[in-house]
Amino acid sequence: PARQETATMLLPPPSAGGGAIPTVDMSAPRGRGALSRQVARACAEQGFFRAVNHGVPPAGPPARLDAATSAFFALAAHDKQRAGPPNPLGYGCRSIGFNGDVGELEYLLLHANPAAVAHRASSIDTNDPSRFSSVVNEYVEAVKQLACDILDLLGEGLGLEDPRLFSKLITETDSDSLLRINHYPTKAGSGGNPAAGGRIGFGEHSDPQLLSLLRANDVDGLQVLLPDINGKDTWIQVPADSSAYFINVGDLLQALTNGRLVSVRHRVIASTCRPRLSTIYFAAPPLHARISALPEMVTAGSPPRYRSFTWAEYKTAMYSLRLSHSRLDLFHVDDDESGNVCVCVHDLA
Ligand SMILES: C=C1C[C@]23C[C@@]1(O)CC[C@H]2[C@@]12CC[C@H](O)[C@@](C)(C(=O)O1)[C@H]2[C@@H]3C(=O)O
Ligand SMILES: O=C(O)CCC(=O)C(=O)O
Ligand SMILES: [Fe+2]
């Protein structure tokens, strides 16, 4: 079996990432066309970018959510456990998913719809659950708007017949989007010594959904796996920036675009001296949404790479697998099959 990273393993130093990670100014200083091409290019080449001037005021919903979630993580362990164990939603500590993955973190995983948030809030903030719900809901609204803007830019940049197709998937009332808040505490006893060694905070993986929008405090730790100039995959350190959103392509966007956009692998190395707090919005379609390559993304030279599946089917597969599994591979069509489909598409054109 493949060797799994353990929570205490020492890791080779990552490369400094400043140059390799694209920054996108969402205020479109060079116009919307240039912006949509830049977003599409970053998602095709790196599957990852840093969004600045994104229009979500840091002192507004993000600050209120950070205050509410920090107050929760500061509670005594038995009070936090009222919101757990994760099923997979709820409060979790160290254990990730159902298949034995662990990391040096605790977290809250919430369904992003208001009814689900209200249901959970009573076990998270026993004093004022409705305040907790409204803080989460206003954050979700703000970040969903940003997700829609980015998905529309992608639709335009890729030249889709319906450029709103991606954003429509996440604005459906039964969309399956999630909000995750991760807290990586410092290691007790390390004495704030940064040389104490890297610990796996959140192991290597790709995000299964369409698009993820991550905001974190000023503590480093996020790394993305990108090819270096010789094409060798290398872990790149993402410098912390609490004023930015870090955007990554998820597996579903890779499947819909027939591999034009890439679902980037990433991980978190927990700092030994300062706690990291990160919040990730995973934009997802409804469970019944069917995912297959868009006709614009299929050509004679680029036949369908993945067989069609629903988001519900994909979720069932993903929950049966370890975090590091490349789960999209399960849906890969073999070369013979894709050759046949390609002939059909060509004939119909
Ligand atoms: C080990 C697992 C945790 C995870 C479900 C899975 O079986 C494989 C995918 C994992 C992941 C990674 C991105 C997100 O943090 C997450 C919420 C998701 O949708 O897929 C987690 C899942 C989880 O923690 O439940
Ligand atoms: O906590 C982070 O900074 C990233 C975690 C992550 O990749 C995830 O929750 O899917
Ligand atoms: Fe992730």
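Treat the numbers as computed from the prediction; the structure is a model and nothing was measured. Whatever order the structure lists ligands and atoms in, that order sets their numbers, starting from 1.
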Legend entry - side-chain contact (heavy atoms from CB on, under 4.5 Å) between Leu256 and Phe166, worked out: CA-CA 9 Å; Leu256 284 167; Phe166 297 140; 4.0 Å; yes
Identity of the N, O or S atom of Asp207 lying closest to the Fe ion (ligand 3) =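 Within Asp207, restricted to N, O or S, the Fe ion (ligand 3) is closest to atom OD1.
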Check your understanding: Looking at ligand 1, does any of its N/O atoms fall within less than 3.5 Å of an N/O of His205?
Key ->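 It does not: no N or O of His205 is found under 3.5 Å from an N or O of ligand 1.
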Return a yes/no value for Phe282: is any of its N or O atoms, backbone included, closer than 3.5 angstrom to an N or O of ligand 1?
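No, there is no polar N/O contact under 3.5 Å.
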I'd like to know if [X] pairs up with [Y] as an ion pair, taking the criterion as any Lys NZ or Arg NE/NH1/NH2 lying under 4.0 Å from an Asp or Glu carboxylate oxygen.
X      : Y      : value
Asp233 : Arg265 : no
Glu104 : Arg94  : yes
Asp125 : Arg131 : no
Arg215 : Asp66  : yes

Hey, are [Y] and [X] close enough side-chain-wise for a donor-acceptor pair under 3.5 Å?
X      : Y      : answer
Arg290 : Ser308 : yes
Thr23  : Arg50  : yes
Glu141 : Asn137 : no
His288 : Asp174 : yes

- Query: At the Fe ion (ligand 3), what angle lies between atom NE2 of His266 and atom NE2 of His205, rounded to 10 degrees?
  - Reply: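 Between NE2 of His266 and NE2 of His205, the angle at the Fe ion (ligand 3) is about 90°.
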Notebook entry, point to check: For atom 9 (C) of ligand 1, which candidate among His325, Arg327, Arg322 provides the closest heavy atom?
Noted result: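 Closest candidate by heavy-atom distance is Arg327.
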- After noting the C-alpha distance and the side-chain angles of Val135 and Thr69, does the key distance pass the side-chain contact (heavy atoms from CB on, under 4.5 Å) rule? CA-CA 10 Å; Val135 165; Thr69 55; over 6 Å; no
[X]: numbered ligand 2 atoms lying under 4.0 Å from its heavy atoms:
X      : result
Leu214 : 2 (C), 3 (O), 4 (C)
Val268 : 1 (O), 2 (C), 3 (O), 4 (C)
His266 : 7 (O)
Ser278 : 1 (O), 2 (C), 3 (O)
Arg276 : 2 (C), 3 (O)
Arg180 : 9 (O)
Asn182 : 1 (O), 2 (C), 5 (C), 9 (O)
Asp207 : 10 (O)

Contact between ligand 1 and Lys315 is defined here as a heavy atom of the residue under 4.0 Å from a ligand atom; is it met?
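Lys315 does not count as a contact of ligand 1 under the 4.0 Å cut-off.
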Original post:
For ligand 1, is there an atom lying under 4.0 Å from some heavy atom of Phe202?
Top reply: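 It does, in that a heavy atom of Phe202 comes within the 4.0 Å cut-off of ligand 1.
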Hey, is [X] touching ligand 1 through its side chain, its backbone, both or neither, going by heavy atoms under 4.0 Å?
X      : value
Leu323 : both
Ile280 : neither
Gln209 : side chain

Q. Any link between Tyr314 and Ile291 through a network of hydrophobic side chains (Ile, Leu, Val, Met, Phe, Trp, Tyr) touching at under 4.5 Å?
A.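 Yes, same cluster.
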Worksheet entry | Check: Phe202 ring centre within less than 6.0 Å of Tyr184 ring centre |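 Distance test on ring centres: not under 6.0 Å, no.
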Under a 4.0 angstrom heavy-atom cut-off, which atoms of ligand 1 come close to [X]?
X      : value
Asp101 : 1 (C)
Pro88  : 25 (O)
Pro208 : 13 (C), 18 (C), 19 (O), 20 (O)
Ile96  : 1 (C), 3 (C), 24 (O)

Considering only protein heavy atoms, which is closest to [atom], and at what distance to one decimal place?
atom                    : result
atom 2 (C) of ligand 1  : Gly97 CA, 3.9 Å
atom 5 (C) of ligand 1  : Tyr319 CE2, 3.5 Å
atom 6 (C) of ligand 1  : Met318 O, 3.7 Å
atom 13 (C) of ligand 1 : Asp207 OD1, 3.4 Å
atom 24 (O) of ligand 1 : Arg180 NH1, 2.9 Å

### Query
How far apart are the C-alpha atoms of Tyr91 and Phe72, what are their side-chain angles, what is the distance that settles it, and do they pass the ring pair (Phe, Tyr, Trp, His ring centres under 6.0 Å) test?
CA-CA 10 Å; Tyr91 172 72; Phe72 172 78; 5.5 Å; yes
Part of [X] with heavy atoms under 4.0 Å of ligand 2, whether side chain, backbone, both or neither:
X      : result
Ile280 : side chain
His205 : side chain
Phe282 : side chain

- prompt: Looking at Ala289 and Pro285, what are the two nearest heavy atoms and their distance?
  reply: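 Here Ala289 and Pro285 meet closest at CB-CB, 3.6 Å.
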What pair of heavy atoms forms the shortest contact from Ala293 to Val298, and how long is it?
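Here Ala293 and Val298 meet closest at CB-CG2, 3.7 Å.
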Legend entry - Worked check of side-chain contact (heavy atoms from CB on, under 4.5 Å) between Tyr139 and Thr279: CA-CA 10 Å; Tyr139 184 82; Thr279 302; 3.8 Å; yes
- [ ] Report the relative orientation of the aromatic rings in His332 and Tyr306; use parallel for angles under 30°, tilted for 30 to 60°, perpendicular for over 60°.
- [x]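 Judged by the thresholds at 30° and 60°, the geometry between His332 and Tyr306 is perpendicular.
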Q. What do you reckon, does Tyr107 put a non-hydrogen atom under 4.0 Å from ligand 2?
A.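 Flag not set, Tyr107 not near ligand 2.
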Go through it in stages, so that I can follow the logic: the residues are Leu169 and Leu151, the test is side-chain contact (heavy atoms from CB on, under 4.5 Å), and I'd like the CA-CA distance, side-chain angles, deciding distance and then a yes or no.
CA-CA 10 Å; Leu169 287 171; Leu151 290 171; over 6 Å; no
